[in-house]
> 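Below is the structure I would like to discuss, written out as structure tokens.
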Amino acid sequence: RYEPPEPMSTGGETEKPPEGYHPVTDIEALQRYVHVFEKGEIVFCSEKAHGAFGRWVCVGNQIYCGSKKEWKRESEANVWWKTLRAYPQLEKLLRAHEDLTVYGEVLGVQDLKYGYDKGKVGLAVFDILNRDRWVDPTEMLDWCCLYSIPTVPVVGSVPFDFDKLQSMADGESLIPGASNIREGIVVRPMLERQNDEIGRVILKLVSNAYLLR
């Protein structure tokens with residue numbers, strides 16, 4: 001039976017930004033900054049999902065949904081508000097912990113669908129900010145596990161080796177229900193740290209299959 005897709009939009013009217021600190025991290029290519037990791041250092045590797053960057057926070061008992069550059073006024077068609085409605089456990093976390101800003105990828109809105117079609121959206125959380133502190137990756141996983149919020153898949157925690165990491169960037173997506181390639185991986189230290197050259201240490205490695213698709 002044909003089911004018409006629900007309308008979705010990445011546009012819409014903007015909202016005044018919420019009070020507080022809710023920054024966006026620009027993730028550079030690992031190839032350019034291999035030297036910020038020590039050889040053999042244990043690094044946390046997660047799948048880099050291909051969707052729409054999103055961030056969600058509750059300030060003064062008001063929920064805010066945003067893209068990478070804007071905060072969006074509530075709308076039935078807006079993909080970030082649509083994602084919040086699809087995952088009520090996300091709103092539950094935000095209302096219980098106003099000090100947390102949740103960052104994630106909205107799935108099903110790009111050419112890699114991850115099994116989401118007919119206007120459906122998925123969510124894969126990849127970062128959490130606690131006031132002005134990025135939490136360690138394992139803490140991010142703990143928060144999401146506590147509230148049953150889906151995260152980007154963990155590809156592995158391994159000693160830093162660029163060739164090994166390049167092989168981990170390739171392959172099929174590990175997101176449940178997906179039947180497409182992996183965009184790549186995001187590599188970060190097990191404990192958050194800063195670097196004088198690039199700031200926050202978090203880098204991406206795109207898969208060869210994604211570059212050639």
Side-chain angles (χ1 to χ4, degrees), residues 10 23-55 67-69 101-116 121-129 133-145 149-213:
T10 55
V24 172
T25 299
D26 288 321
I27 303 179
E28 302 287 347
L30 177 61
Q31 291 92 327
R32 296 178 57 193
Y33 299 102
V34 173
H35 57 278
V36 304
F37 291 104
E38 296 289 335
K39 179 74 173 180
E41 174 186 356
I42 303 299
V43 292
F44 179 90
C45 305
S46 56
E47 181 173 340
K48 186 180 187 304
H50 184 57
F53 180 104
R55 47 187 169 155
S67 65
K68 192 168 187 177
K69 295 182 178 181
T101 307
V102 175
Y103 296 76
E105 207 74 24
V106 177
L107 307 177
V109 297
Q110 299 281 11
D111 56 322
L112 302 183
K113 295 296 185 183
Y114 300 96
Y116 296 94
V121 292
L123 172 64
V125 170
F126 56 76
D127 249 337
I128 291 180
L129 185 78
R133 176 184 68 88
W134 296 102
V135 306
D136 299 330
T138 52
E139 184 180 345
M140 180 270 292
L141 294 176
D142 288 343
W143 276 113
C144 291
C145 180
I149 300 170
T151 65
V152 289
V154 178
V155 183
S157 298
V158 297
F160 183 84
D161 179 278
F162 183 80
D163 291 336
K164 171 66 174 177
L165 293 173
Q166 184 65 73
S167 69
M168 292 171 65
D170 287 305
E172 295 297 306
S173 172
L174 299 177
I175 292 174
S179 58
N180 52 256
I181 60 171
R182 193 178 305 169
E183 181 183 343
I185 58 174
V186 174
V187 182
R188 66 183 87 176
M190 296 299 295
L191 299 178
E192 280 286 325
R193 73 168 190 267
Q194 298 285 316
N195 175 271
D196 291 340
E197 184 177 2
I198 65 170
R200 185 184 180 206
V201 178
I202 179 170
L203 296 160
K204 64 184 176 183
L205 190 56
V206 177
S207 73
N208 292 317
Y210 179 80
L211 292 172
L212 297 171
R213 80 194 195 289

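When reading the values below, keep in mind they use all heavy atoms of this one structure, side chains included, and skip hydrogens, waters and symmetry mates.
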> Please step through side-chain contact (heavy atoms from CB on, under 4.5 Å) for the pair Glu28 and Val36, ending with a clear verdict.
CA-CA 12 Å; Glu28 302 287 347; Val36 304; over 6 Å; no

> Walk me through whether Val154 and Leu174 qualify under side-chain contact (heavy atoms from CB on, under 4.5 Å).
CA-CA 8 Å; Val154 178; Leu174 299 177; over 6 Å; no

> Checking the side chain of Asn195 only, and the main-chain atoms of Ile198 only, is there a donor and an acceptor separated by less than 3.5 Å?
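Yes, Asn195 side chain to Ile198 backbone: donor-acceptor pair under 3.5 Å.
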
> Search all heavy atoms of Val155 against all heavy atoms of Ser46 and return the closest pair with its distance.
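Looks like CG2-C, 3.8 Å.
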
> State, yes or no, whether a side-chain contact exists between Phe126 and Lys48 at a heavy-atom distance under 4.5 Å.
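No, every pair of side-chain atoms sits at 4.5 Å or beyond.
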
> OH of Tyr33 to NZ of Lys204: how many Å apart, nearest 0.5 Å?
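With rounding to 0.5 Å, OH (Tyr33) is 11.5 Å from NZ (Lys204).
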
> Could you report the tightest heavy-atom contact between Met190 and Ser157, atom names first, then the distance?
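That closest heavy-atom pairing would be SD-OG, 3.9 Å.
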
> Quick check for you: to the nearest 0.5 Å, what is the distance between Asp136 atom CG and Phe44 atom CZ?
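Answer for the CG-CZ pair, Asp136 versus Phe44, is 10.5 Å.
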
> Which residue in the set Thr151, Leu107, Ile149 passes side chain to side chain contact (heavy atoms under 4.5 Å, CB included) when paired with Leu123?
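Only one option passes, and that is Ile149.
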
> Within the structure provided, determine whether Ile202 and Glu192 are in side-chain contact (heavy-atom separation under 4.5 Å).
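No; the side chains remain at least 4.5 Å from each other.
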
> Please report the closest heavy-atom contact between Gly199 and Gln194, naming both atoms and the distance.
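That would be C-OE1, 3.2 Å.
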
> Can you measure from CD (Glu172) to CD (Glu47) and round to the nearest 0.5 angstrom?
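Output value for this atom pair is 10.0 Å.
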
> Are any of the side-chain heavy atoms of Val186 and Leu203 separated by less than 4.5 Å?
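Contact flag for Val186/Leu203 side chains = no.
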
> Which pair of non-hydrogen atoms, one from Val109 and one from Gly51, has the smallest distance, and what is that distance?
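Heavy atoms of Val109 and Gly51 come nearest at CG2-C, 4.1 Å.
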
> To the closest 0.5 Å, what do you measure between CG (Asp26) and CZ (Arg200)?
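Here the interatomic distance stands at 11.5 Å.
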
> If we only count heavy atoms from C-beta on, is the Val125 to Met140 side-chain gap below 4.5 Å?
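SC-SC contact between Val125 and Met140 confirmed.
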
> Are side-chain heavy atoms of Leu141 and Glu139 found at a separation under 4.5 Å?
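A side-chain contact under 4.5 Å is absent here.
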
> Anything under 30° is parallel, anything over 60° is perpendicular, the rest tilted; go ahead and classify Tyr103 against Trp134.
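Ring orientation of Tyr103 relative to Trp134: tilted.
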
> Once rounded to the nearest 0.5 Å, what's the spacing between atom CZ of Arg213 and atom CG of Asn208?
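Rounded to the nearest 0.5 Å, the CZ-CG separation comes to 13.0 Å.
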
> If every non-hydrogen atom of Gln31 is compared with every non-hydrogen atom of Phe162, which pair is closest and at what distance?
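Closest approach of Gln31 to Phe162: CG-CZ, 3.7 Å.
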
> I would like to know whether Val106 and Tyr116 meet side-chain contact (heavy atoms from CB on, under 4.5 Å); could you show each step before the answer?
CA-CA 10 Å; Val106 177; Tyr116 296 94; over 6 Å; no

> Output the distance between atom CD1 (Ile175) and atom CD (Glu183), rounded to the nearest 0.5 Å.
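It is 10.0 Å, given to the nearest 0.5 Å.
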
> For Ser173 and Ala178, which heavy atoms make the closest approach, and how far apart are they?
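So the two residues come closest at OG-CB, 3.8 Å.
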
> Does a side-chain heavy-atom distance below 4.5 Å link Val24 with Phe53?
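Val24 vs Phe53: side chains touch.
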
> In terms of side-chain geometry, is the basic nitrogen of Arg193 or Glu38 positioned less than 4.0 Å from the acidic oxygen of its partner?
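No.
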
> Side chains of Val158 and Met168, heavy atoms from C-beta outward: is any pair under 4.5 Å?
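When only atoms from C-beta onward are counted, Met168 and Val158 do touch, with a gap below 4.5 Å.
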
> Do Arg182 side-chain atoms and Asp170 backbone N/O form a donor-acceptor pair below 3.5 Å?
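Looks like yes, one N/O pair under 3.5 Å.
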
> Using atom types as modelled and distance alone, determine if a side-chain donor or acceptor of Asn180 lies under 3.5 Å from a backbone N or O of Tyr114.
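Yes.
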
> Take Asp111 and His50 through the side-chain contact (heavy atoms from CB on, under 4.5 Å) test and state the conclusion after the steps.
CA-CA 8 Å; Asp111 56 322; His50 184 57; 2.9 Å; yes

